[in-house]
Amino acid sequence: MPPSLGLGRRAASKPLCRDSVPLAPVNPPSPSLKPPYPPAPLFPLPQSTHAARLPAGLTPEDWQRLRQAAHVLPQVLQPDDLDEGSDEALERLGAIQIAKAAAGGRPSRWILPQHVAVALAQLQATPMANDLRPRLQARWQQLESMGLQREGLLFTRLCQQPLQLAHEGWRIELAHRVPVPEEPVWAFFRDGDLAALRRALGQRPPYSHGAELTLHLNHLVARSEAMGKGTQLAALLVRLQAECSVAMPFEDLKAALTRAQDRWEQAVGEQDRLASLGRELAFRGYPDSFEAARQLSRRVTLYLGPPNSGKTYAAFEQLAQARSGAYLAPLRLLALEGRDRLVGRGVACSLLTGEESVPAENARVVSSTIEMADTREPVDVAVIDEAQMLFDPSRGWAWTQAICGVPARELIIIASAYAAPALERLLALCGERPERRVFERKQQVQLLGVPVPMAHLQAGDAVVAFSRRDVLMLRDQIAEAGHRVSVIYGALPPEVRRREAERFAVGASQVLVATDAIGMGLNLPIRRVLFSTLEKFDGVGDRTLSVSEVHQIAGRAGRYGLHDEGFVSVLKESEASSLKKLRELLPKEPRAPRDFKAPVAPNWTHVRTIAERMGVKKLYAVLSIFMQQLRLDDAHFAVAELEQMLGLAELLDRRASALSLQDRFRYAQAPVDTRLPQLMEQYETWATAHALTGQAGAPHFVDDVDEHARLDRMEQALRLCTLWLWLDLRFPGCYGHVDAVLDLRSRLNDGIERQLKGRRPLWQRRGR
């Protein structure tokens, strides 16, 4: 885009300034009357002192013509045309102000006294007309195509000159600018004769410091050659060429070239460190980083089958007989259920989740969430549940870590059959060949031929939706029809989900309304699964359910031992195409993602190693290097989704930099939903206070809400309880107040359950 025509970078036409005074009154006052104001000046100027700068012989009419054309004349200056960019700079140059700056962004306009005559000659050659502005803009563009531009008060011309270096015939194109006289340029603005301008300018002159600059470049290249990194010298040439492509003063260019060579040396050194780092992190040998697991001759069995096939029951039979063991669940709810299963069999079992550690006396087994897997202490039997979650982009890393790293003499991996090839490939990297034990479903789920109206719901039906809002709306509609309803969705705390499931299991409620949370491990007496929709929002947009999701949810129908058969269909009130989609998806077999690589997330060993080897202190930089390095060594593994961790790392580096790198890394793994402003605000407040004082402060949210609040407020408070307890478990002595938080959590659980059991409508727009 060419500069504006008043040096034209921001010029715009505008009427005369309001404070301008007309050249002369139309009807002069009578000599006998005293004029009401002083006589107007012949040359109206924004600054009256500039009248002394006007050239001799200038007429008021010529000045008026110049003022009216100031927005197009190439001789007119604006503050931005000078490096200093101010009216004061133009004032010091002795320029004449034509117009003041105006509200809305129009800059002030000025002209040098020696250019007044040139500007008037321009108007004589190109009178004011509607097409004058585009014509002069086109001439600016022609000048730029020739490499001419105005820099302050000078016109300069871009020149190119090749420099031959000593190393292997290297050649660098140098860009430099030389000043040109302004007279040929003004003549071109008047007549548009490009050939005449070229003749007037003549040949481009050589660079005045060419020999000295060539010597400097040869010195830099020789210094680089001495490093013995000949294969990487080509990258140095690219860097030097990039600097020489920008015209700059000689001393500035020499300094820029030296910095470019310094950066090349740093990059070469960093590549060496990265190569060493890659060998140390050994992503290709990721399983070998778990020494305890590799020292055992693990016997691995895959328990494969659909939901309701008895594979989890069989795994717990094995675990209950073990002298020591671990159950690794995908959800806190299932870890609780696993603990209770074992306790019910007379097996002492501890509980370990992200927010709680509940040791049991003489415990032989630990039931925990998958992220809490212990990769150090050997056990006799370990059970990893729902291992097809390996394919989950955000949490799959936890299954990769557990499968490779759990030190168990006997490892049982429960999964859907379609995950078997990926699991076997991962175990092969561990040097292990698993056995397969296939479980068949006791009875098949049958597809009903027609949708089921909401008015025809029966005891034992489960209606599935995919958002809290839809679950609560359906709950209200079904309750209005007279049914007792249980509710399960992701924002509910595990204790409440469990109570709601128990109410449905014992018949205290007739219909269950749930999200796909029921598709993972919950044992419920469901006879019919009815989809309210086949569409799901996945955080990016609405999409149709996958085959594996449909199978996982539909498979909850017809619980063996409770119902002789199971059925699946859609609500009649769902989208018209829902049944057709279900009919297409249900017969298909789920498949693993194509070209799947097991996801890996950094652990503290990765973070510490990168920080030490690369000399970085910011967590964000460490995680970025981890991602880059794994992509260089990605034959079998891929970087897990770390966007949330990266966002938290940037926040912690900025707001809690006084914390150690290890503490910031712990904070970055916290279960905080970054989409919730209230949760993020508290998280930032606590982390900042911890960094500054060593204490997080008091959990003020304990006093802000109780068990009688709105449903959505109680759910938000429960998230704060979970986050506080999670952080307290990792920073002993910093958080505390655990009894008060646990008491609030218990009361909120009761309050939520009471509301879910009640008849009052729960869906409210403000509670979405």
Side-chain angles (χ1 to χ4, degrees), residues 287 290-305 309-387 389 398-415 423 427 430 432 434-435 437 439 494-495 498 501-502 520-523 725-726 728-730 732 738 742:
F290 300 100
E291 295 181 7
R294 298 291 77 78
Q295 289 173 1
L296 295 174
S297 297
R298 297 194 307 181
R299 178 190 171 202
V300 184
T301 308
L302 304 182
Y303 281 27
L304 306 172
S309 58
K311 57 187 186 296
T312 306
Y313 177 85
F316 269 89
E317 285 290 306
Q318 289 291 103
L319 187 57
Q321 305 303 317
R323 289 175 298 175
S324 61
Y327 170 62
L328 302 173
L331 301 171
R332 177 171 172 257
L333 174 60
L334 295 185
L336 291 169
E337 186 178 281
R339 190 267 309 268
D340 292 348
R341 274 190 180 196
L342 292 164
V343 171
R345 293 167 180 255
V347 178
C349 180
S350 298
L351 177 69
L352 180 63
T353 70
E355 63 197 75
E356 62 204 328
S357 176
V358 185
E361 189 175 354
N362 301 319
R364 291 161 36 199
V365 181
V366 174
S367 180
S368 73
T369 45
I370 189 79
E371 286 84 357
M372 303 299 292
D374 187 344
T375 59
R376 298 179 301 276
E377 292 297 323
V379 295
D380 284 338
V381 178
V383 175
I384 298 175
D385 205 354
E386 303 287 357
M389 289 285 288
W399 276 264
T400 302
Q401 175 180 270
I403 291 166
C404 293
V406 169
R409 296 173 183 86
E410 180 177 2
L411 178 62
I412 297 172
I413 302 175
I414 303 171
L423 294 170
L427 288 163
C430 302
E432 297 163 338
E435 298 178 7
R437 184 175 173 185
F439 293 77
E495 292 83 359
R498 193 173 180 186
E502 289 172 355
M520 197 173 290
L522 286 172
N523 297 315
L725 295 171
W726 191 95
D728 177 76
L729 198 61
R730 283 150 186 80
V738 171
L742 288 174

*Decide yes or no on side chain to side chain contact (heavy atoms under 4.5 Å, CB included) for Val366 and Asp374, but give the supporting numbers first.*
CA-CA 10 Å; Val366 174; Asp374 187 344; over 6 Å; no
*Would Phe290 and Gln401 satisfy side chain to side chain contact (heavy atoms under 4.5 Å, CB included), going step by step from the backbone distance to the final call?*
CA-CA 9 Å; Phe290 300 100; Gln401 175 180 270; 4.0 Å; yes
*Dump the intermediate steps for side chain to side chain contact (heavy atoms under 4.5 Å, CB included) on Ile414 and Ile384, then the final yes or no.*
CA-CA 6 Å; Ile414 303 171; Ile384 298 175; over 6 Å; no
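For Gly405 against Ala293, the heavy-atom pair with the smallest separation is O-CB, 3.5 Å. The shortest heavy-atom contact between Ala373 and Val406 is CB-CG2, 4.4 Å. Minimum interatomic distance between Leu729 and Thr353 (heavy atoms only, all atoms of both residues): CD2-O, 3.7 Å. When all heavy atoms are compared, the tightest approach of Lys311 to Phe439 is CB-CD1, 3.6 Å. Taking each heavy atom of Ile412 and Gln318 in turn, the nearest pair found is CD1-CB, 3.7 Å. Taking all atoms of both residues into account, the shortest heavy-atom contact from Val381 to Ala408 is C-CB, 4.3 Å.
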Show me the donor-acceptor pairs, under 3.5 Å and distance only, between side chains in residues 322-331 and residues at least two apart or in other chains.
| residue | atom | partner | partner atom | Å |
| --- | --- | --- | --- | --- |
| Arg323 | NE | Asp380 | OD2 | 3.0 |
| Ser324 | OG | Asp380 | N | 3.1 |
| Tyr327 | OH | Asp385 | OD2 | 2.7 |

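In this structure, CD on Glu432 lies 6.0 Å from CG on Leu427, to the nearest 0.5 angstrom. Atom CG of residue Leu352 and atom OG of residue Ser350 lie 8.5 Å apart, to the nearest 0.5 angstrom. The CH2 atom of Trp726 sits 14.0 Å away from atom CD of Glu356, with the distance rounded to the nearest 0.5 Å.
A salt bridge between Glu317 and Arg341 is absent, with no side-chain N of the basic residue lying under 4.0 Å from a carboxylate O of the acidic one. For Arg332 and Glu337, the salt-bridge test fails: no basic side-chain N is under 4.0 Å from an acidic carboxylate O.
Taking the side chain as every heavy atom from C-beta outward, Val738 and Leu725 approach each other to under 4.5 Å. For the pair Arg294/Pro287, a side-chain contact is recorded, criterion being any heavy-atom separation below 4.5 Å from C-beta on. Two residues are said to be in side-chain contact when any heavy atoms from C-beta on lie closer than 4.5 Å; Glu410 and Val300 fail this criterion. The shortest side-chain heavy-atom distance between Val383 and Leu411 does not fall under the 4.5 Å cut-off.
In the displayed structure, Arg299 atom CZ is contacted under 6.0 Å by at most 12 heavy atoms of other residues, nucleotides or ligands.
Pairs passing the side-chain hydrogen bond (donor to acceptor under 3.5 Å, both in side chains) check and including a residue from residues 362-371, sequence neighbours excluded, read Glu371-Arg395.
When atom types are taken as modelled, the side chain of Arg409 and the backbone of Pro378 share no donor-acceptor pair closer than 3.5 angstrom. A donor-acceptor contact shorter than 3.5 Å links the side chain of Arg730 to the backbone of Gly354.
Under the salt bridge (charged side-chain N to carboxylate O under 4.0 Å, His left out) criterion, Glu291 pairs with no residue, sequence neighbours left out.
Relative to the ring axis of Tyr313, Arg345 places its NZ or CZ within 45° and under 6.0 Å from the centre.
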